[in-house]
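Just so it is clear, the values below take in all heavy atoms, side chains as well, and ignore hydrogens, waters and symmetry mates. Because the structure is a prediction, the values reported are computed rather than measured. Just so we're on the same page: letters track the sequence lines, and every chain starts at 1.
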Number of protein chains: 2
Amino acid sequence: MKIMSGKPYHHGDLRRVLLTAAVQALTEAGPAKLSLRDLARRAGVSHAAPVHHFRDKAGLLTAVATEGFDLLADALVAAGERTGDLLEIGVAYVRFAVDHRAYFEVMFRPELYHPADPQLLQARQRAGDSLRSGLAMLPGATTGDMPRQAGLAAWSIAHGFATLWLGGALPEEVGYDLEAAARPVLRLLFETG
Amino acid sequence: MKIMSGKPYHHGDLRRVLLTAAVQALTEAGPAKLSLRDLARRAGVSHAAPVHHFRDKAGLLTAVATEGFDLLADALVAAGERTGDLLEIGVAYVRFAVDHRAYFEVMFRPELYHPADPQLLQARQRAGDSLRSGLAMLPGATTGDMPRQAGLAAWSIAHGFATLWLGGALPEEVGYDLEAAARPVLRLLFETG
DNA sequence: CTCGCAATCTAGTCACTGACAAGTTCCTTG
DNA sequence: CAAGGAACTTGTCAGTGACTAGATTGCGAG
């Protein structure tokens, strides 16, 4: 505590600061151009300080991904409770990907982090559960392989639309209003499931 | 020509060799760990030789992406002509993503290459056209926004499934047979469109 | 109260990378 | 056969991730 005059040797909350800076940097330039040394500079510490909080670059991105999965789980649960509509959970998924691009782009690129990290696995599990729980809202989701496949289909279409949107791959005619573009597309699957 | 004894100064087909090596390296380790110098070593040339054929790293990846879009267009056209079934075009899309992972992972990450490159744009356009032409197979694809949205939905679900599969994000129960896993999921959308 | 010790951070270094500059070799074209 | 350009090499620079050793700090045991 007491971060007063000059630079205290102990930063106080370096881990948090580095994570925030990482998300900021990722938003600006993407994972490829992320540099630990740059983050250290932004935080005003030496270039080797981050090592203590995250072992290496992959460790840093593991923390980013973990936080991302937690945020995603929160967002999906909130959407489910707010609307009770699977379609709106899908929209929330797409919304999350675009609003939290920095997190999203790391989360689904396991070669960037340590995919076996326990905390990460737990967060990922939680996000998956909150997605699947939305499927209970589907009518007649009772037996057989149908619900599982419907879940995969729902996840796929939301994930695919979000990824294509982020990659700038969609044609211009889709416009710039994310939800207006996504909702009718998702509805094509969700209303027939 | 006449690449006979020793090392000729002019390699003969360095551009092609570098591209092949790049795809190989991408398959092994992904775009993040791709190194121009490593490719040069693999090809047995100096570390600066690649610059002459591709201006910089992004230039190399532009060429990879261009080739990828061409291959994808070929695959989609072939599937359409072979089966005349939109569902099978979707399966071919997923198949391509997994079989040509190296290409696929570059193609939809425009921050890695020069997205305004004319040849790239042309190849991308061709791939998009071959996808859209498959939509003509849909019954009643005549008026309004429906066909466009159905196209986006089809693209999204195939792209999403492929991406999730590649990222290892899908639960284990999906199994290891790609088409067996993908087909029933895609069918959920394609048969109702 | 104080003292040891672990957590935190700094400083220095190494191999590697992408980009650039300048020079060398080879081939083609006039 | 000369000239000029394309293909390639050598040398160099700043930036990076990882590693090591050491300095500083604050906390808890006694």
Trainee: Could you tell me whether Arg109(B) and Glu105(A) make a salt bridge, using a distance below 4.0 angstrom between a side-chain N and a carboxylate O?
Mentor: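 Here Arg109(B) does not pair with Glu105(A) in a salt bridge, since their nearest N and O are not under 4.0 Å apart.
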Trainee: Examine dC16(C): is either OP1 or OP2 under 4.0 Å from a nitrogen or oxygen in the side chain of Ser35(B)? Give yes or no.
Mentor: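 Checking Ser35(B) against dC16(C): no side-chain N or O falls below 4.0 Å of OP1 or OP2.
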Trainee: Provide, to the nearest angstrom, the distance between the CZ atom belonging to Arg37(A) and the C1' atom belonging to dT10(C).
Mentor: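 Result: 12 Å.
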Trainee: Does His53(B) place a side-chain N or O at less than 4.0 Å from the phosphate oxygens OP1/OP2 of dA6(D)?
Mentor: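 For dA6(D), OP1/OP2 do not have a side-chain N/O of His53(B) under 4.0 Å.
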Trainee: State which of dG17(D), dA19(C), dC9(C) makes the closest approach to the side chain of Leu36(B).
Mentor: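 The closest nucleotide is dA19(C).
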Trainee: Test your reading of the model: is there a side-chain donor-acceptor pair from Lys57(A) to the backbone of Leu34(A), 3.5 Å cut-off?
Mentor: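 Checking the backbone N and O of Leu34(A) against the side chain of Lys57(A), a donor-acceptor pair under 3.5 Å is found.
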Trainee: In this structure, how many angstroms lie between the P atom of dT10(D) and the CZ atom of Arg41(B), rounded?
Mentor: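 After rounding, the reported distance stands at 14 Å.
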Trainee: Let me know the distance between CG of Leu61(A) and C1' of dG17(D), rounded to the nearest Å.
Mentor: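 Rounded to whole Å, this separation is 13 Å.
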Trainee: Pick the closest DNA chain D nucleotide for Ala48(B) and for Val51(A) by heavy atoms, then say which residue is nearer the 5' end.
Mentor: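 This one resolves to Ala48(B).
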Trainee: Using a strict threshold of under 4.0 Å (side-chain N to carboxylate O), is an ion pair present between Arg16(B) and Asp13(B)?
Mentor: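 No salt bridge links Asp13(B) with Arg16(B).
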Trainee: Sequence neighbours left out, what passes salt bridge (Lys or Arg N to Asp or Glu O under 4.0 Å) with Glu28(B)? Give chain and number order.
Mentor: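 Residues passing salt bridge (Lys or Arg N to Asp or Glu O under 4.0 Å) with Glu28(B): Arg42(B).
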Trainee: What about His47(A), does its side chain sit under 3.5 Å from the base of dG15(D) through a donor-acceptor pair?
Mentor: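 Check fails, no donor-acceptor contact within cut-off.
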Trainee: Please report the distance, rounded to the nearest Å, between CG in Leu60(B) and P in dT17(C).
Mentor: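 Atom CG in Leu60(B) sits about 14 Å away from atom P in dT17(C).
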Trainee: At under 4.0 Å between heavy atoms, what does Leu34(A) touch on the DNA or RNA strands: base, sugar-phosphate, or nothing?
Mentor: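 Sugar-phosphate contact only.
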Trainee: Would you please test His159(B) and Phe108(B) for side-chain contact (heavy atoms from CB on, under 4.5 Å) and show each step?
Mentor: CA-CA 10 Å; His159(B) 191 84; Phe108(B) 293 97; 3.5 Å; yes
Trainee: Could you check how far NE2 of His52(A) sits from C1' of dA11(C), rounded to whole Å?
Mentor: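 About 14 Å, once rounded to whole Å.
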Trainee: I'd like to know if Arg124(B) pairs up with Asp70(B) as an ion pair, taking the criterion as any Lys NZ or Arg NE/NH1/NH2 lying under 4.0 Å from an Asp or Glu carboxylate oxygen.
Mentor: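 A salt bridge is absent here (no side-chain N lies under 4.0 Å from a carboxylate O).
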Trainee: Where along residues 107-120 of chain A does a heavy atom come under 4.0 Å from DNA chain D, residue by residue in number order?
Mentor: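 Within residues 107-120 of chain A, no residue comes under 4.0 Å of DNA chain D.
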Trainee: In whole angstrom, what separates Lys33(B)'s NZ from dG17(D)'s P?
Mentor: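 In whole Å, dG17(D) P and Lys33(B) NZ are 13 Å from each other.
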Trainee: Checking contacts here: which listed nucleotide (dC20(C), dC8(D), dT10(C)) is nearest the side-chain heavy atoms of Ala49(A)?
Mentor: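 Nucleotide nearest to Ala49(A)'s side chain: dT10(C).
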Trainee: Tell me whether the side-chain N/O atoms of Ser46(A) come closer than 4.0 Å to OP1 or OP2 in dA11(C).
Mentor: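 The answer is no; no side-chain N or O of Ser46(A) sits under 4.0 Å from OP1 or OP2.
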Trainee: Phe54(B) CZ to dA6(D) C1': how many Å, rounded?
Mentor: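 It is 15 Å, rounded to the nearest whole Å.
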Trainee: Given Val23(B) and Leu19(B), is the side-chain contact (heavy atoms from CB on, under 4.5 Å) satisfied, shown in steps?
Mentor: CA-CA 6 Å; Val23(B) 172; Leu19(B) 267 180; 5.7 Å; no
Trainee: Lys57(B) NZ to dG15(D) P: how many Å, rounded?
Mentor: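 Rounded to the whole Å, the gap is 17 Å.
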